[in-house]
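The residues of the chain are indexed from 1 along the displayed sequence.
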Amino acid sequence: MSSQGDHKPGSVGKGAAVGEHEKPEPVMADGLLVMPGTLRQWEEIKSFQARPDDTFIATYPKSGMVWSTQLMEIIQLQGDVQAYKVNKQKLSFLEISIPDDEPAVEKINNLPSPRVIYIHAPISHIPKSILENKCKVICVLRNPKDVAVSYYHFHTFSNMLPNPGTWSEFLQNFMIGKVTYGSWFDHVKGWWSLRKQPNIFFLFYEAMKKDLGYEAGRLASFLGRDLSPEAMKNLVEQLSFNSMKTNMDGKFPNIGSVTGFTFKQFIRKGQVGDWKNHFTVAQNEVMDQLIPDQLKGTSLDFCYEL
Ligand code: PPS
C-alpha cells in the first residue's frame, strides 16, 4: 500500500490547466455533476427516444466501458476479428458531445437500428424511454478502489474533466460523490436493483480480467449469439490488455485531437489492485468502512485483488 499518500502526476490546482489542456469547471444538471458539453444537451438527453432494439452499455466511468464495447462489437461480428480490425469505431456516447462535431443526441438519432449506445449516468438521470422500452442494458461494474484510482488518472490527462486536485482531495470527493457522474455507490446500487429484469445484464471488470473467454460466452448468450471456440480464442487475444494498448489508436484515429489523450494513455494499467499503489493505510480503512455500509443489503460483492 502507498505510504506517500499524495500522488501528483499532473500536480494541478483548481482552475489551472493540465499540460497544454484547459480544464473545464464542473457543472450541475438536475443535481448531477456533468461535463459542460453534457449540460448543453441536457434536455435532449432527458427526452431521448430509445428504440426497443437499442442496446445500452451502462457504466460508471472507468469501469471497463471501452473494453466491453469492443467485446460487444466482436461478438456482433460473430467473432470475425479481421472485420473488427478494419471497422473505424463510432463513439455513440449519449452524454458526450465532441467539440466541432454533431451533438451526440442528433448523431445517435440518425444512426440506423440496431444501435449500441453508451451511457455513464445513474438510473436516476437516464432517459426514461430506456427502461420503458425494455431495451437491453449491459452494466459493467468494477471495484470502487480501482475505479477511484483510474478516474483520478483520467482526470489528469483528459481535457473533458475538471482538475482532480491531489489524490487525497480527489478520493475524498469520490467517496462523497462530488465527481462527474456523481456517486459510484448510487450508480451501482441503482442498476443492481434492476438485476432481476431479463433485459439487464451484468459484467464485472474483475471477472473479465480473470477469464475473458467465459465472460464473453455469457455475454454472447445474452445477445443470442454463439461463437466457435476458434472465434472465441481470437476474441480473447484481440482484447487482451497488451493487444488493446498497442492496437486501439487505429480504431479511434481522431481521439487525441478531441479529448487530449491517446489510447495508449487511456489503456493505462488495466489491473485489479492498482489501488494498493495509491491508497494509504488510513484511506483504505475509511473505504473499507464505507463500502459495506453503502452496499448493505444489496448482495453486491467486489473483488479487490486476483
Ligand atoms: S471511460 O473513460 O469511463 O469510458 O473508461 P472505461 O473504458 O470505462 O475504463 C477504462 C479502464 O479500463 C481499462 N481497460 C482494460 N483493462 C484490462 N484489459 C483491457 N483490455 C482493457 N481495456 C481498457 C483501462 O486501462 C482503464 O483502467 P486503468 O485502471 O486506468 O488502467
Could you state the interatomic distance from CG (Leu71) to CG (Leu219), rounded to the nearest 0.5 Å?
5.0 Å
Donor-acceptor pair, side chain of Asn234 and main chain of Ala231, under 3.5 angstrom:
no
Give the intermediate values and the outcome of side chain to side chain contact (heavy atoms under 4.5 Å, CB included) for residues Val149 and Trp167.
CA-CA 8 Å; Val149 168; Trp167 160 243; 3.7 Å; yes
Can you name the residues that form a side chain to side chain contact (heavy atoms under 4.5 Å, CB included) with Asp288, not counting sequence neighbours?
Lys145, Asn284
Solution key, residues 237-244 side-chain donor-acceptor pairs under 3.5 Å, sequence neighbours excluded:
unit_1: Ser240; atom_1: OG; unit_2: Glu237; atom_2: O; d: 3.3
unit_1: Ser240; atom_1: OG; unit_2: Ser243; atom_2: N; d: 3.2
unit_1: Ser243; atom_1: OG; unit_2: Gln238; atom_2: O; d: 2.7
unit_1: Ser243; atom_1: OG; unit_2: Asn247; atom_2: ND2; d: 3.1

Tell me the closest heavy-atom pair linking Ala216 and Met232, and the distance in Å.
CB-SD, 3.7 Å
Are Met35 and Met28 co-members of a hydrophobic cluster defined by side-chain heavy atoms under 4.5 Å apart?
no
What are the two closest non-hydrogen atoms of Asp53 and Ser113, and how far apart are they?
OD2-CB, 3.4 Å
Is there a side chain to side chain contact (heavy atoms under 4.5 Å, CB included) between Tyr304 and Asp146 once you walk through the steps?
CA-CA 8 Å; Tyr304 294 89; Asp146 282 326; over 6 Å; no
Ring-ring centroid check Phe157 Phe266, cutoff 6.0 Å
no
Mind checking whether Leu171 and Phe279 have side chains closer than 4.5 Å, heavy atoms only?
yes
Does the distance from a Lys or Arg side-chain N to an Asp or Glu carboxylate O, for Glu215 and Arg218, drop under 4.0 Å?
yes
Atom OG in Ser63, atom CD1 in Ile57: separation rounded to 0.5 Å?
12.5 Å
Minimal non-hydrogen separation, Val147 against Pro61, with atom names
CG1-O, 3.5 Å
CD1 on Ile126 to CG on Leu94, rounded to 0.5 Å:
10.0 Å
Lys136 side chain to Asp54 main-chain N or O, any donor-acceptor pair under 3.5 Å?
no
Is it true that the side chains of Gln78 and Arg225 contain a donor and an acceptor less than 3.5 Å apart?
yes
At what distance, to the nearest 0.5 angstrom, does CD1 of Ile75 lie from CG of Leu223?
6.0 Å
Heavy atoms, side chains only, cut-off 4.5 Å: are Ile130 and Ile119 in contact?
yes
Quick one, Gln76 and Pro114 - any side-chain contact, counting heavy atoms below 4.5 Å?
no
Report yes or no: does Glu169 contribute a side-chain atom to a donor-acceptor pair with the main-chain N or O of Thr166 at less than 3.5 Å?
yes
How does the hydrophobic cluster around Ile176 look, that is, which other residues are in it when side-chain heavy atoms under 4.5 Å mark a link?
none
Is there a path of hydrophobic side-chain contacts, each under 4.5 Å between heavy atoms, that joins Leu306 and Tyr205?
yes
What one should report as the nearest heavy-atom pair of Phe302 and Pro144 is CG-CD, 4.4 Å
Is there a side-chain contact between Val105 and Glu43, using heavy atoms and a 4.5 Å cut-off?
no
Measuring only between side-chain heavy atoms, which start at C-beta, is Lys209 closer than 4.5 Å to Trp67?
yes
According to the interplanar angle, ranging from 0 to 90°, do the rings of His120 and Phe93 count as parallel (below 30°), tilted (30 to 60°) or perpendicular (above 60°)?
tilted
Nearest heavy atoms of Pro36 and Pro24, plus distance in Å:
CG-CB, 3.8 Å
Please confirm whether the backbone N or O of His155 pairs with a side-chain atom of Lys23, one donor and one acceptor, at under 3.5 Å?
yes
Close side-chain approach of Leu131 and Leu194, heavy atoms under 4.5 Å:
yes
Would Leu33 and Phe174 show up in the same hydrophobic cluster when neighbours are defined by side-chain heavy atoms closer than 4.5 Å?
no
Contact between Arg115 and Asn109 at the side-chain level, heavy atoms closer than 4.5 Å - yes or no?
yes
Identify, with sequence neighbours excluded, every residue that meets salt bridge (Lys or Arg N to Asp or Glu O under 4.0 Å) alongside Lys296.
Asp293
Once the angle between the rings of Tyr152 and Phe170 is folded into 0 to 90°, is it parallel (under 30°), tilted (30 to 60°) or perpendicular (over 60°)?
tilted
In short, side chain to side chain donor-acceptor pair (under 3.5 Å) pairs touching residues 177-188 with sequence neighbours left out are none
I'd like to know if the side chain of Asn163 reaches the main chain of Gly165, judged simply by a donor and an acceptor atom lying under 3.5 Å from each other, with no hydrogens or angles considered.
no
If the condition is side chain to side chain contact (heavy atoms under 4.5 Å, CB included), which residues does Lys269 pass it with, not counting sequence neighbours?
Gln271, Asp274, Asn277
Which heavy atom of Val116 sits nearest a heavy atom of Met72, and at what distance?
CG2-CE, 3.8 Å
How long is the gap from CD1 on Ile74 to OH on Tyr84, to the nearest 0.5 Å?
5.0 Å
Does Cys139 reach the side chain of Arg195, with side-chain heavy atoms less than 4.5 Å apart?
no
Under a 3.5 Å cutoff, is there a donor and acceptor pairing between the side chains of Lys134 and Gln197?
no
Could you go through the side chain to side chain contact (heavy atoms under 4.5 Å, CB included) check for Leu141 and Leu300 one step at a time?
CA-CA 10 Å; Leu141 307 185; Leu300 266 171; 3.9 Å; yes
Roughly how far, to the nearest 0.5 Å, is the CD1 atom of Ile96 from the CD1 atom of Ile45?
9.5 Å
Give a yes or no on whether Tyr214 and Phe222 share a hydrophobic cluster (residues Ile, Leu, Val, Met, Phe, Trp, Tyr; joining criterion: side-chain heavy atoms under 4.5 Å apart).
no
Please check if the side chain of Glu95 supplies one atom and the backbone of Ala121 the other of a donor-acceptor pair under 3.5 Å.
yes
Does Asp301 have more than 12 heavy atoms from other residues, nucleotides or ligands lying within 6.0 Å of its CG?
no
Mark yes or no for whether Lys245, through its side chain, and Lys264, through its backbone, hold a donor-acceptor pair below 3.5 Å.
yes
Do the ring centers of Trp191 and Phe202 come within less than 6.0 Å of each other?
no
Evaluation steps, side chain to side chain contact (heavy atoms under 4.5 Å, CB included), between Gln294 and Lys189:
CA-CA 9 Å; Gln294 284 281 336; Lys189 284 191 282 189; 3.2 Å; yes
Mark yes or no for whether Tyr60, through its side chain, and Gly182, through its backbone, hold a donor-acceptor pair below 3.5 Å.
yes
Answer yes or no: are there more than 12 heavy-atom neighbours, outside Arg268 itself, under 6.0 Å from its atom CZ?
yes
